[in-house]
Every structure is written in structure tokens, then in C-alpha cells.
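Below is one structure, written out as C-alpha cells; the observations come after it.
Just so it is clear: chains get the letters A, B, ... in the order the sequence lines come, proteins before strands, and each one is counted from 1. Hydrogens, waters and symmetry mates are skipped; everything else that's a heavy atom, side chains included, is used. Remember, predicted model here, so these are calculated numbers, not experimental data.
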Amino acid sequence: VKELAQLLNEMQRVGVIRNYALFGATAQMRYTEPVATLDADVLVAVDSADRLDVLGGIYEFCAAKGYRPEGEAIRVGAWPTQFVPAFSPLTQEAMEQAESADFEGVALRVVRADHLAVIALSVGRAKDLTRILALLESGSVSRDAIKNLAARYDLAEAWQRFESKFLND
Amino acid sequence: MTDLEHMLERQAQWQKSRQSLTWPEKIRMAERVRESVRQLRALPRPAMPGPPKR
């Protein structure tokens, strides 16, 4: 992940991407106990509205650096990394308001716990719902914070369903 | 406290100790188990039992 942080910072510096933030399970582990995951997920903003393949610039830059595609991902060090364009208002806000963390001496932008929880709520698979429970359990985010953020993104009903299914006694 | 309660308490303490690891330490732990996870997910899934035959 340190190698990935260095690559992401370099891509931002030279303009391949405008912004980025780590999300998904690798970001979750900043707040919770370790979880099993196969890859790293990164939200990216790119200036390539004129390209059909919005991630083309990233793939070209990575190939020039010797990083090869692996399925839907690009392997960076130990981690197959999926680059996900931040298209929706929720993921855009999550990326823009991400925190700059220190990962073994390298700055790494990482999505905040409340955004991680609400992105998980919007996706809604079993493993995403488990992520919300883990984040709540860790104390890194409150029910109120999730509720307020979810309401801003039309997810109030989804949060209500989640609360009544998993949190209400 | 029963044996089961002891076991659950030890489990909870172990989980808390993992949560207090640094982020890089947790990432390294995830890296170590990843290959096993990949192999497990690649295994063919057992067929789900169908409805009882009449």
C-alpha cells in the first residue's frame, strides 16, 4: 500500500489524475480490525471527458511504470488495485473530503469513516452492510452521522431499513 | 463465569487487540491471509439442496 500511495501521489502531481482517495476494505481497516480482501479500491477524478476510456490515462501511466493490468485491476506491489471514477455526488464528496493519512511516512488520501459507511449503504451487498456494522462497532462513526449523510444522498429509507434490521433492539 | 463466557471474552479481547494495531500492521495482516482467501473463493461452490422430492 505504501507503493500504491507513492504512485497515486505521483499521478496527481503530474496531472494524470486530479484527485484520489482510497476506499473499500483497505480504507475500512484504518478504523476497524483487519478484514479479508483481495484488492485495493481507489476513487479517482480524471480530466478525460473527451475520452471514451476515462481510465485510459491511468492505465497508460501505470504501464509506462511497469505496472500491469490484472483482470479489472492494475497490480501495484502486492495489491491488485481497482480505479473507480468518482462519478456520483456521494463518491465525489467522499473523495474531496478525504483525509490525508500517513502510511509508513507517505501521505495517502483515505475516505472518512462516515463516507465509507454511506457508500456501503448505497451499494448494499451483505459485505457492505457488514462494513457499516464494523465501522459503528469501532466507534469511528456514529449512527447520527450516518443518518445525516444518508439523508443528504436520498438514502434515508435505506438507512431506516438497515437500522430496523440490524440495530434496533 | 461459564467456559463459554470465558471463551467469548477471550475472543472479544483478541478482536480488540487486533483493532488497536496500526493501519499498516492491519494491511500487512490482510496481505498475509489474502492468498488463502483467493484460493477459498476459487473453490467450486457446493450445490444448494433443492426442494424435497415428492
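Leu4(A) and Phe61(A) end up in the same hydrophobic cluster when Ile, Leu, Val, Met, Phe, Trp and Tyr side chains are linked at under 4.5 Å. Leu167(A) is connected to Leu116(A) through a chain of hydrophobic side-chain contacts under 4.5 Å among Ile, Leu, Val, Met, Phe, Trp and Tyr, so both are in one cluster. Hydrophobic clustering places Leu149(A) together with Leu133(A) (ILVMFWY residues linked when any side-chain heavy atoms are closer than 4.5 Å, directly or through intermediates). Hydrophobic clustering, with ILVMFWY side chains joined whenever heavy atoms are under 4.5 angstrom apart, keeps Leu7(A) apart from Val106(A). Linking Ile, Leu, Val, Met, Phe, Trp and Tyr residues whenever their side-chain heavy atoms come within less than 4.5 Å places Val1(A) and Val35(A) in a single cluster.
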Looking only at N and O atoms, which donor-acceptor pairs between chain B and chain A are within less than 3.5 angstrom?
unit_1, atom_1, unit_2, atom_2, d
Arg18(B), NE, Glu33(A), OE1, 3.3
Arg18(B), NH2, Glu33(A), OE1, 2.5
Trp23(B), NE1, Thr26(A), O, 2.9
Lys26(B), NZ, Met29(A), O, 2.9
Lys26(B), NZ, Thr32(A), O, 2.7
Arg28(B), NH1, Glu104(A), OE2, 2.5
Glu31(B), OE2, Trp79(A), NE1, 2.6
Arg34(B), NH1, Ala78(A), O, 2.7
Arg34(B), NH2, Ala78(A), O, 2.4

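For chain B, the nearby part of Ala101(A) is the side chain; its heavy atoms alone come within less than 4.5 Å.
Comparing Leu21(B), Ile27(B), Val33(B) by how many heavy-atom pairs each has under 4.5 Å with chain A, the most go to Ile27(B).
Across all their heavy atoms, Ala36(A) and Val37(B) have their closest contact at CB-CG2, 3.7 Å.
The side-chain contact (heavy atoms from CB on, under 4.5 Å) search around Leu4(B) returns Thr2(B), Met7(B), Leu8(B), not counting sequence neighbours.
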